[in-house]
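Reviewing the structure listed below.
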Number of protein chains: 2
Amino acid sequence: MVKTKPLSRVQIRNRHAILAAALEVFSQHGFRGATLDQIAKQANMSKPNLIYYFANKETVFVTLLNQHVDAWLAPLREIDQDGEPLDEILTYVRRKVQMSRDMPRESRLFANEIVQGAPRVREHLAGDLKQLFDQTSAVFARWMDEGRIARVDPDHLIYSIWATTQHYADFGAQIDILTGPDTLDGAEAFLVNLYTKMLTP
Amino acid sequence: MVKTKPLSRVQIRNRHAILAAALEVFSQHGFRGATLDQIAKQANMSKPNLIYYFANKETVFVTLLNQHVDAWLAPLREIDQDGEPLDEILTYVRRKVQMSRDMPRESRLFANEIVQGAPRVREHLAGDLKQLFDQTSAVFARWMDEGRIARVDPDHLIYSIWATTQHYADFGAQIDILTGPDTLDGAEAFLVNLYTKMLTP
DNA sequence: GTCTATACGCTGATAGAC
DNA sequence: GTCTATCAGCGTATAGAC
């Protein structure tokens, strides 16, 4: 382990302010589109002072990703392989919709990066996520083998859940125009119905 | 109507080369992330010569959007309100999957822009798309009223089709890592099954 | 129509005073 | 720890020769 100096109260507060500002700016403009000026301004801080805390732009971004990736994957980790299959999947769907409602910036932070080929999140995807994905896919496959949910391709099942739920955050600008601002209650009901019908044996 | 000089063969060829290059670059990096240097290089052209044809970066981008928006919306327009409802919807789903396979760059071009708040496509969305969306939603609602497909929220039905099908293009980088390169045959079968089960009365 | 040269603002990052 | 001043490089766009 690397030994690191403990951070002072001011340091902790400023790092938090910077990361909060960075989430706002990176999620809206992507890595390249975001500027340190914007982030510094949003954090009520001078640009050199920002750099004092994070060395460079990439470090801010990577730190931000690392900070959110665990929270981002939490609902997936919480699928209980010993639970009731349909309940577990519907609970997962509901939590993902909830995250699109409550954490749209985090969703767009990742979406921006993946649409552009995932240059800086590739390790996250190939590591943590890949392992979790394979594990979840295997659990779904077992449930299907046991006849407890209908047999479908488990990989595509996961993709479709991601796609349908994250869509409300990532493409929120489009939905705002077409349907207007929404609480996502309708979305949740629609998706629960969709996956219930698909997965009931 | 505005009277415009006819374009010479060279002009036509160069404008095509620029737009082809621009699709490649903008779809991968987004508007701000793309540079005129990249586009010019991809089009085998000097940067000033590129500007000779399009005046500025934004004009290239807007021209590119206008060029592709019709093709992009074609499958939606082709839904036949007098056809067999489930067939029409499944055909639409299949065509959208096909577009993710054959036109992933076009998909990402729009995805990039919408994730970032649709600053430059807002008019397209509020105009052409909004009208087409409302019309399609109304057709779906009528089919439900007539009991020919199951009753669900038609707006969310459209969103879920967009989300699930475009996901394979927009988040292709993630899928390549998790499942590996794919022909999308499995995706198509999965989605046909999904919407058949949901919509069969 | 196409090129070289260049202007010029913006952006990431550093130096150094306080 | 925070600031002002500043730099180097990139990126858009223009001028002007050919």
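Throughout, a chain's letter reflects where its sequence line sits, starting with A, and its residues are numbered from 1. Just so it is clear, the values below take in all heavy atoms, side chains as well, and ignore hydrogens, waters and symmetry mates.
- Nucleotide D/dA13 holds its C1' atom 14 Å from the CD1 atom of B/Ile39, rounded to whole Å.
- In this structure, B/Lys130 places its NZ atom where more than 12 heavy-atom neighbours from other residues, nucleotides or ligands lie under 6.0 Å away.
- Dashed line: the shortest gap from a side-chain N or O of A/Arg32 to OP1 or OP2 of D/dC10 is not under 4.0 Å.
- In this structure, B/Asn14 reaches the C/dT2 phosphate: one of its side-chain N or O atoms is under 4.0 Å from OP1 or OP2.
- A/Thr63 and A/Asn66 are not linked by any side-chain donor-acceptor pair at a separation below 3.5 angstrom, with hydrogens and angles left out of the test.
- Distance A/Ile51 CD1 to D/dC3 C1': 15 Å, rounded to the nearest Å.
- Picking from D/dA13, D/dG1, C/dG1 the nucleotide with the shortest atom distance to the side chain of A/Val10 gives D/dG1.
- Looking only at side-chain heavy atoms (C-beta outward), A/Glu84 and A/Ile149 stay at 4.5 Å or farther from each other.
- Computed from coordinates, the A/Phe54 CZ to C/dT14 C1' distance equals 19 Å when rounded to whole Å.
- With D/dA13, C/dG1, D/dT2 as the candidates, the nucleotide lying closest to the side chain of A/Tyr53 is D/dT2.
- Residue A/Ser46 has its side chain nearest to D/dC3 when only C/dT11, D/dT2, D/dC3 are considered.
- The side chain of A/Ser8 contributes an N or O atom lying less than 4.0 Å from OP1 or OP2 of D/dG1.
- Around NZ of B/Lys197, the count of heavy atoms belonging to other residues, nucleotides or ligands within 6.0 Å exceeds 12.
- As rounded to whole Å, 10 Å separates atom P of C/dA13 from atom CG of A/Leu50.
- One interatomic measurement links the two molecules: OH of A/Tyr52 to P of C/dA15, which rounds to 15 Å at whole-angstrom precision.
- The side chain of B/Pro48 lies closest to D/dT14 when the candidates are D/dT14, D/dA13, D/dC3.
- One can place NZ of B/Lys57 at 14 Å from C1' of C/dG9, the figure rounded to the nearest angstrom.
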Check: protein-nucleotides 6-8 of chain D nitrogen or oxygen pairs below 3.5 Å:
none

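- Here B/Asn49 does not reach the OP1 or OP2 of C/dG1: none of its side-chain N or O atoms lies under 4.0 Å away.
- Across all strands, A/Ala34 comes closer than 4.0 Å only to sugar-phosphate atoms, never to a base (heavy-atom distances).
- Remark: P of C/dG9 and CG of A/Asp37 are 16 Å apart, rounded to the nearest angstrom.
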Could you walk me through whether B/Tyr159 and A/Thr179 pass the side chain to side chain donor-acceptor pair (under 3.5 Å) check? CA-CA 10 Å; B/Tyr159 293 144; A/Thr179 303; 2.3 Å; yes
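- The environment of A/Glu146 atom CD is dense: over 12 non-hydrogen atoms of other residues, nucleotides or ligands sit within 6.0 angstrom.
- Between B/Lys41 atom NZ and C/dT2 atom C1' there is a gap of 19 Å when expressed in whole angstrom units.
- Counting only N and O atoms by type, the side chains of A/Gln38 and A/Thr35 include a donor and acceptor under 3.5 Å apart.
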